[in-house]
Amino acid sequence: MAASQRDISVSEFFAKNRHLLGFDNPRKALLTTVKEAVDNSLDACEEASILPEIWVHIESTGNNRYKIGIQDNGPGIMKKQIPLIFGKLLYGSKFHRLRMSRGQQGIGISAAGMYGMLTTGKPVKIISKISIRKPSHYYELQIDTKKNRPEILNGKGDGEDIPPGEKGHKYLEKHGIEWETHYDAAEDKKAVEVRSGTRVTIELEGRFHRGRGSVDDYLEQTAIANPHVTLHYEDPEGNKKSYPRSTDQLPVEPKEIKPHPYGVELGRLVTMLKDSQATTLSAFLTTSFSRVTNSVARKICEGAKLSTRASTTKIGRQQADALYQAIQVTKISNPSTDCISPIGEECLLKGLYTVVPGEFFVAATRPPSVYRGNPFQIEVALAFGAANQAKKVTREALVQLLSESDARTLRQFIVTTFDGLGPDAADRILKVAEMGTRLSPGKLKSKDIDRLHDAMRNVNLSEGQSMQVLRYANRVPLQFQPAGCAITQSVMNTNWRPYGLSQSRGSLPSGPVTIMVHMASVWVPFTSESKEAVASYPEIQKELRLAFQTVGRKLGMYLNRRKKVKQEGERRNVFLRYLGEVANAVSDINETDRQGLYDQLLKVAQRKTAEADAKFDKRGRRVEKNSDFGDNVIIVDQDAMEEDFDDETGESIPVKSQKTFL
C-alpha cells in the first residue's frame, strides 16, 4: 500500500473536482470561463491606468461546443509569463498582496483552459501584444495535470512571434489567428489601431442560454458596476451588442498594505517569525504589520512578557502563543482603507439608472469597516418602480427562452427565467393564459406561446413581485448560490415594512424594486473557490443592515410622499365633483354670481389639497421649496414613465423621454 502512495498535484486535484471552481455543468462552465477572462482583463487595464475596452465573442463549433474569445486593450503580458499564467494553477500576482482586485487565487483562467482541454481536447490559444512597434507573442498550450505545468504545442515549444504592422495583420489572417486589430471608428473618422492587449481563446463543452445566470445577464451587470468600461459582445447567433462607457474616469487605484495583526492567526504568526529578516521582535512587529508603531510594539511585547530586543529566531511555540494573545488584547488602530476602491455613490446611480428602468433611485456608501483585520466597504443602490423583464420580453425572445430552458414545467420556467417573479406571479400568468402549471416548456405550440406572451404582458406583476437582488464583490457580479450568500440573507433579515414594502417573515420584500449591493475588500470571504457567495461574518452583516436602512429610509420618504399626493388628489376629485352643484344652489338662494362663486370655491379646494400639486426635480428636491431627501437620489418624472408597446416587436416605446442624470 505504501508503494502506491504518491503526491497529487493541485491541477490533478481540480481536474477531478472541477465543480469546486464553478465548472459543475456545461451551462455554468461557459459563463465561468467568460467571467474569469473578463475579470482578468479589467484588472490588467486598471492597473496600467488604461480605460478598458473588452471584446467578448462566443461561437458555436458543434453540438454543445463553443469557442470563446476574450480580448482587452490592456498592457499585454511579457512573453515568458504567458505560459505560466494560462497553463499553471495557483500562479499569479494577487494572492500574496493585500489590495482590492477581482482575481485573488491565480486559479480561474488556467482552470477554464484545463476544462476546455478535458472536454474538447483543444489547447488554449493566447496572443499578447505589449507595444505597437514590437512583435506579438502567440501560444497554443495545455496543462500537464500531473505536474501542474504548461505544455507549449506551437513554435517547437517556444511559441511564435508575430511581426508588428501590416505584415503582422496579414500573418494573423493567413493563419486564422483571431485578433481585433482596430477600435470601432465613428463616422467620417479613421479607425485607430489597438496598441496593446491580450486575447485568450478557449474551446469547451458548454450550453448557451439566455435569461437569469446567462452571459448576457453577466455582461449587463458588469456594465452597471464598471461604468468606465466599454464592452463589445457577439453571441453564438451573430447578434452584436455594445455597452459603451458612461464615464472616462478610472477608479482610484488601490494601494497595497501589510497584514493587520488582528487578521493573523497563530499558525501564520509562527510562519512569519520564521521567515522574517528582522533581527529583533520590535522590528518584526513594526515592519511586518500595518498600524504597529514602536509604542504599540512595546505594549504588545510587555503584554507577552517578552523583550523588544528578543531575537525572532529564538521565539518558541509558547512565546509565540503569548505574543498572539497579547496582540488580541492590545488596542491597535484599524488598517488603512486606501487599499480598497469603492464604486462611489454617483457612479452607482449612473450605472443603475442607465440599465434599470424605474421612477426612484437612491445610493449609499458605508464608511470602511474591518473583519478579521481585513478592510471592507459596503455600497448599496436601489431602484423602485422597475417593470419586470417578463412584461418586456418579445415573442421571438420568449420562443428562444422556451427552447433553451431546462425547466421541467412551465411554472418552473417562469420562476427561474425572470428575476423577481415568484410562484404566485407565475400562477397568475398561467391562469390568464388558461394553461396548466405542469406543461413542458419545450412542447408548447404556436398558439400556446401567443397566449402565454399576451398574459405576461397584461397581467399585473407588481403585486407579489419580489425584490431583485444584484450582488457584487470587488465589482464582479455574483450570479449563483444566492441563498447561501450573506448579502441575500441580510436583505431577507432586514425589516422592509417600515419603508413601505410588504414582506413575509424570512423572505425577500415584495414590490417592483431592484437593489444592487457591492462589497469591496482586500480579501472577500467567499464560501468556495468558485467565488459565488460571500460568507456571513457578523461585521459584514452589520454593515449590510445599516446600508439597507439608509436607502430604505429614503425609499420610505418617497413612498409616503407619493401616497400623500395620491390621497390629496383623490380628495380634490371629490371636491371638484360637487363644486358645480354647490355653486348653482348657493347662487339660486342668494342670487349671487355663479361663476365667481365657483372660482372662489375652486381656489379653496386647491389650497386645501395643495399637496396634490407637489413636484420634485430629478435629485428629489421639491420644486417649490427645499426637500429633505438628501443627496444621491434620482426621481424620474412620472409623465416620462408612460409607455406604449409595439404590437409587432413587443418592445416598450417611451411616450416622453426620461430626464438624464449628469
Side-chain angles (χ1 to χ4, degrees), residues 5-14 81 84-85 88-101 103-107 110 147-149 254-336 338-340 370-376 521-526 528-529 535 537 539:
Q5 293 178 344
R6 63 181 182 85
D7 291 336
I8 303 172
S9 76
V10 63
S11 53
E12 190 175 11
F13 171 80
F14 281 120
Q81 294 292 329
L84 297 173
I85 291 173
K88 184 175 184 178
L89 267 64
L90 292 177
Y91 182 87
S93 60
K94 304 169 186 175
F95 185 82
H96 296 286
R97 67 184 187 186
L98 284 177
R99 55 166 284 181
M100 174 180 162
S101 63
Q104 292 184 174
Q105 301 157 342
I107 294 179
S110 50
K147 298 179 180 179
N148 187 32
R149 68 182 186 188
K255 298 179 180 179
E256 185 176 354
I257 63 168
K258 296 175 183 177
H260 193 272
Y262 289 163
V264 176
E265 296 173 329
L266 177 58
R268 188 181 174 198
L269 179 62
V270 172
T271 302
M272 291 176 69
L273 283 165
K274 287 182 178 179
D275 297 339
S276 177
Q277 301 294 321
T279 56
T280 65
L281 189 56
S282 177
F284 163 74
L285 292 170
T286 55
T287 58
S288 300
F289 298 103
S290 63
R291 299 301 195 187
V292 177
T293 61
N294 289 327
S295 60
V296 172
R298 185 169 59 254
K299 290 178 182 178
I300 293 173
C301 293
E302 290 174 356
K305 298 181 179 179
L306 294 171
S307 171
T308 56
R309 306 293 298 173
S311 174
T312 55
T313 58
K314 297 180 180 179
I315 300 293
R317 289 279 176 178
Q318 290 184 344
Q319 293 170 314
D321 192 7
L323 185 65
Y324 175 77
Q325 299 299 333
I327 288 174
Q328 306 310 308
V329 299
T330 303
K331 187 174 181 179
I332 306 173
S333 301
N334 287 338
S336 174
D338 57 2
C339 54
I340 54 180
V370 176
Y371 83 94
R372 284 183 51 196
N374 296 314
F376 75 96
S521 179
V522 297
W523 189 262
V524 178
F526 292 113
S528 67
E529 292 85 353
Y537 281 89
E539 299 89 346

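Only heavy atoms go into these numbers, but all of them, side chains included; no hydrogens, no water, no symmetry mates.
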- Distance-minimising heavy-atom pair for Cys339 and Val522: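 Taking Cys339 first and Val522 second, the nearest heavy atoms are SG-CG1, 3.2 Å.
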- Of the non-hydrogen atoms in Ile340 and Pro375, which two are nearest, and what is the gap between them?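 The answer is CG2-O, 4.2 Å.
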- Is there a side-chain contact (heavy atoms from CB on, under 4.5 Å) between Arg372 and Glu265 once you walk through the steps? CA-CA 10 Å; Arg372 284 183 51 196; Glu265 296 173 329; 4.3 Å; yes
Counting only pairs under 3.5 Å, give me each side-chain donor-acceptor contact of residues 273-283, with atom names and distances, residues two or more places apart or in other chains.
{"from": "Ser276", "atom 1": "OG", "to": "Ala278", "atom 2": "N", "distance (Å)": "3.0"}
{"from": "Thr280", "atom 1": "OG1", "to": "Ala283", "atom 2": "N", "distance (Å)": "3.2"}

- Query: When you look at Phe289 and Val264, which way does the side-chain contact (heavy atoms from CB on, under 4.5 Å) test go after all the steps?
  - Reply: CA-CA 10 Å; Phe289 298 103; Val264 176; 3.5 Å; yes
- Query: Any side-chain heavy atom of Asn374 sitting closer than 4.5 Å to one from Pro525?
  - Reply: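 No, side chains not in contact.
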If only atom types and distance count, is the side chain of [X] paired as donor or acceptor with the main-chain N or O of [Y] below 3.5 Å?
| X | Y | answer |
| --- | --- | --- |
| Ser290 | Lys258 | yes |
| Gln325 | Ala322 | no |
| Asn148 | Leu89 | yes |

- Would you please test Leu269 and Leu323 for side-chain contact (heavy atoms from CB on, under 4.5 Å) and show each step? CA-CA 9 Å; Leu269 179 62; Leu323 185 65; 4.2 Å; yes
- Does the side-chain contact (heavy atoms from CB on, under 4.5 Å) test come out yes or no for Asp338 and Ile257, once each step is laid out? CA-CA 9 Å; Asp338 57 2; Ile257 63 168; 4.1 Å; yes
- With sequence neighbours excluded, give me every side-chain hydrogen bond (donor to acceptor under 3.5 Å, both in side chains) pair touching residues 295-314.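 Qualifying pairs: Thr293-Ser295, Ser311-Thr313.
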- Task: Report the residues that fulfil ring pair (Phe, Tyr, Trp, His ring centres under 6.0 Å) with Tyr262, sequence neighbours left out, ordered by chain and then residue number.
- Result: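 Ring pair (Phe, Tyr, Trp, His ring centres under 6.0 Å) list for Tyr262, sorted by chain: His260.
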- Should the ring pair Tyr537 and Tyr371 be called parallel, tilted or perpendicular, given that the plane angle runs from 0 to 90° and is split at 30 and 60?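 It falls in the tilted class, 30° to 60°.
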- Take atom CZ in Arg291; do more than 12 heavy atoms of anything else shown fall under 6.0 Å from it?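 It does: Arg291 CZ has more than 12 such atoms within range.
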